[in-house]
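Predicted, not measured: the structure shown is a model, and the values here were computed from it.
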Amino acid sequence: MSVVESTGVVTATVTVPGETIPRVEFLPVTVDLLRVLWDKYGPLMIHQSGGCCDGSSPMCFPAGDFLTSDQDVLLGRLDIAPEGGEPQVIDFWMSAEQFEYWSHTFLTVDVVKGRGSGFSVESPEGVRFMIRSRLMETATPFA
């Protein structure tokens with residue numbers, strides 16, 4: 001499903017139709033936090049907010065608690081399971097409108113200290129998810 005690099009980074013599978021290059025990765029600190037949250041809440045999903053209440057923060061929810069539609073793009077699936085463990089797949093979503101602006105970027109999900117979104121399950125942990133982005137040299141199709 002996902003690719004786990006020797007550095008502990010988890011890279012998403014490609015889910016955008018017609019593309020061949022991943023768009024999302026989790027840093028090791030992100031994987032560690034998501035495993036803790038998975039133990040507390042069960043299966044998870046992430047939705048990259050479009051800038052409403054919580055700016056443009058990635059928000060983590062129990063899988064299915066945030067309803068997606070055809071107005072959202074599944075950017076990737078990331079398996080955070082330890083090697084040899086049962087799969088722990090997290091879907092990473094973004095609003096289609098925001099994807100139009102970010103279609104040329106590769107997203108790295110990091111964790112930093114601070115108050116996260118009131119709706120996101122990491123908030124009580126005293127940390128928040130943060131996106132670091134870089135330009136993709138190639139990706140097809142760019143929106």
Side-chain angles (χ1 to χ4, degrees), residues 1-83 87-143:
M1 185 127 310
S2 298
V3 175
V4 180
E5 299 174 14
S6 61
T7 60
V9 171
V10 175
T11 303
T13 57
V14 177
T15 55
V16 177
E19 292 194 354
T20 58
I21 299 172
R23 291 187 163 273
V24 182
E25 70 183 5
F26 292 157
L27 295 177
V29 66
T30 308
V31 173
D32 291 343
L33 175 59
L34 288 167
R35 287 178 180 161
V36 167
L37 297 173
W38 189 288
D39 289 344
K40 286 184 179 184
Y41 301 102
L44 301 168
M45 66 179 290
I46 293 180
H47 190 274
Q48 175 62 44
S49 167
C52 178
C53 306
D54 292 298
S56 57
S57 298
M59 295 189 288
C60 185
F61 303 97
D65 275 13
F66 184 92
L67 299 179
T68 58
S69 71
D70 61 354
Q71 294 302 305
D72 296 289
V73 177
L74 179 60
L75 292 187
R77 290 193 165 103
L78 301 99
D79 189 349
I80 63 165
E83 188 173 336
Q88 294 178 300
V89 178
I90 297 176
D91 288 348
F92 190 101
W93 293 88
M94 179 181 283
S95 72
E97 183 178 13
Q98 186 163 359
F99 182 66
E100 288 183 37
Y101 295 110
W102 288 26
S103 65
H104 58 286
T105 59
F106 180 86
L107 307 177
T108 299
V109 183
D110 197 356
V111 175
V112 296
K113 291 184 180 188
R115 188 177 186 300
S117 159
F119 302 110
S120 193
V121 295
E122 85 282 358
S123 187
E125 306 296 320
V127 294
R128 64 185 179 89
F129 293 110
M130 184 172 84
I131 292 291
R132 300 184 188 282
S133 63
R134 63 179 163 78
L135 292 177
M136 294 176 73
E137 293 180 20
T138 60
T140 302
F142 276 152

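The backbone N or O of V109 sits less than 3.5 Å from a side-chain atom of T30, completing a donor-acceptor pair. In this structure a side-chain-to-backbone donor-acceptor pair under 3.5 Å is missing from S123 to S120. With hydrogens and angles disregarded, no donor-acceptor distance shorter than 3.5 Å links the side chain of D39 to the backbone of V36. The closest donor-acceptor contact from the side chain of D91 to the backbone of R77 lies at 3.5 Å or more, if one exists at all.
The two residues C60 and L37 come nearest to each other via the heavy atoms SG-CD1, 4.5 Å.
Listed by chain and residue number, nothing satisfies the side chain to side chain donor-acceptor pair (under 3.5 Å) test with R35 (two or more places apart in sequence, or in another chain). Under the side chain to side chain donor-acceptor pair (under 3.5 Å) criterion, T15 pairs with no residue at all, not counting sequence neighbours. With sequence neighbours excluded, the residues forming a salt bridge (Lys or Arg N to Asp or Glu O under 4.0 Å) with E125 are K40, listed by chain and number.
Considering CE of M45 and CZ of F61, their distance stands at 7.0 Å, rounded to 0.5 Å. Rounding to the nearest 0.5 Å gives a distance of 6.0 Å between CE of M59 and CZ of F66. In this structure, CZ in R132 is found 14.5 Å from OG1 in T105, a value given to the nearest 0.5 Å. Distance CG/D79 to CZ/F26: 10.5 Å, rounded to 0.5 Å.
No option in T13, T11, L107 other than T11 meets the side chain to side chain contact (heavy atoms under 4.5 Å, CB included) test with P22. Tested against L75, the residues I46, V14, V24 include a single side chain to side chain contact (heavy atoms under 4.5 Å, CB included) partner, V24. Remark: of the listed residues V111, L34, L33, L33 is the sole one forming a side chain to side chain contact (heavy atoms under 4.5 Å, CB included) with E122.
Annotation: side chain of Q88 is in contact with side chain of P82 (closest heavy-atom distance under 4.5 Å). Looking only at side-chain heavy atoms (C-beta outward), F99 and R23 come within less than 4.5 Å of each other. With a 4.5 Å cut-off on side-chain heavy atoms, L27 and T108 count as touching.
Side-chain atoms of S95 and E97 form no donor-acceptor pair, as typed in the model, at a separation below 3.5 Å.
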